[in-house]
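Worksheet: one structure, shown below.
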Protein chains: 2
Amino acid sequence: MRGFNGFSYADVAGELDITTASLHYHYRGKAELGKALIDRYGERFAEALDAIYARPAGALPKLRAYADLYAGVMDEERMCLCGMLAAEYRTLPEPMQDAVVTFFDANEAWLDRVLREGRKRGELTFSGSPREVARALISALEGALLTSRPYADPDRFRATAREMIKRLASPAPRRAPAAPRR
Amino acid sequence: MRGFNGFSYADVAGELDITTASLHYHYRGKAELGKALIDRYGERFAEALDAIYARPAGALPKLRAYADLYAGVMDEERMCLCGMLAAEYRTLPEPMQDAVVTFFDANEAWLDRVLREGRKRGELTFSGSPREVARALISALEGALLTSRPYADPDRFRATAREMIKRLASPAPRRAPAAPRR
DNA sequence: GTCTATAGGCAGATAGAC
DNA sequence: GTCTATCTGCCTATAGAC
């Protein structure tokens, strides 16, 4: 993927072995085509999130599975579509901007739920609001995808992601936030 | 900033109130212009890092100052130049790709040093290698810039960054990794 | 150093035949 | 639905006068 400003109608048409005129029959313009691509991406991602949530597993395995989703994206396309589009957000037509925001909001809501439930059950320990932690986690994973892009090594992303999740939602090694003893 | 594919020679020339032909006198082509922009950005960033390192402060304040650098970038341009270019890395001419990598490597090296020294002096506590943590920190901050782009609120970035640094390099609240007592 | 003029290419988009 | 042909506009880049 090359971003909205980095791909052309001809690129997509060529991939489908049709002409740009034919592509125009299906999508009025580039903005509409772009929005459709985001929506499809968002739907697939949402399905994957549902599948993870349905598993009979704890919060921490779910978070790890969430990170693995990103790793899978990286293997296939080397970057999350919406992460890339966020970079050129200001140049996007409005319908595409809205679709990008929708994607991030959905991720945040899903993580918020997992984090909230995980803390309630005592599986996770973190200070601050679940929403803040959810945003931090999304930021960290998107950022890890972004910064590992220039480096061919996929392990670079995996190592960073592992580092993140360990710190963001580590199972409580201790109980009470008692006063430090020396 | 709109990225490499999102700005034109005419944009830059217009900003300088000259013509594109004049701009060509100074920079042979768009690739050379782009590389010069990255280099200038990298130099300024490096100067800021030197200034932070020279301060008579501990590792943690230095890390906070590092995060503030990103916050400053966000206020001015809403995105780190190299973070944005990393998203469209594959479409960049080679000299620009190299310049982007140089930027990230320099950041990593600086953080690695601060983290290493901070741990040695007992100011920071983290498991794993300083290099891994450095990468995680860069990822987190770049990602926070990226994902807060669609949301006008600058506090969104600040809150996420604070959340990160608290977790990434928190001063040890306790000493020994003793067995959990119940 | 900066300009006007212009080349040459590729972009997104449309008309109309099949 | 897909095609050919074509339009218009913007892009990077160059030539050559001042």
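Nothing here was measured: the structure is a model prediction, and the numbers come from that model. Every chain is numbered from 1 and lettered A, B, ... according to where its sequence line falls, protein lines coming before strand lines.
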Regarding [X], tell me which of base, sugar-phosphate or nothing describes its non-hydrogen contacts under 4.0 Å with the strands shown.
X: B:Ser8; result: sugar-phosphate
X: B:Ser22; result: base
X: B:Tyr25; result: base

How long is the line joining [atom1] of [X] and [atom2] of [N], in whole Å?
X: B:Tyr9; N: D:dG9; atom1: OH; atom2: P; result: 25 Å
X: B:His24; N: D:dA13; atom1: NE2; atom2: P; result: 5 Å
X: B:Arg28; N: D:dT14; atom1: CZ; atom2: P; result: 8 Å

Should we say atom OH of B:Tyr151 is surrounded by more than 12 heavy atoms from elsewhere, each under 6.0 Å from it?
-> yes
From the list A:Arg121, A:Lys120, A:Arg119, salt bridge (Lys or Arg N to Asp or Glu O under 4.0 Å) partner of A:Glu123 resolves to A:Arg121
Does NZ or CZ of A:Lys30 come closer than 6.0 Å to the centre of the six-membered ring of A:Tyr9, within 45° of the ring's axis?
no
Specify whether A:Trp110 and A:Tyr66 have parallel, tilted or perpendicular ring planes, treating 30° as the upper limit for parallel and 60° as the lower limit for perpendicular.
-> parallel
Consider only side-chain N and O atoms of B:Tyr41 and B:Glu77, and report whether a donor and an acceptor are under 3.5 Å apart. no
*Backbone N/O of A:Pro93 and side chain of A:Lys35: donor-acceptor pair under 3.5 Å*: no
DNA chain C: first to last nucleotide in contact with chain B (atom under 4.0 angstrom from a heavy atom), 5' to 3', is C:dG1 to C:dT4
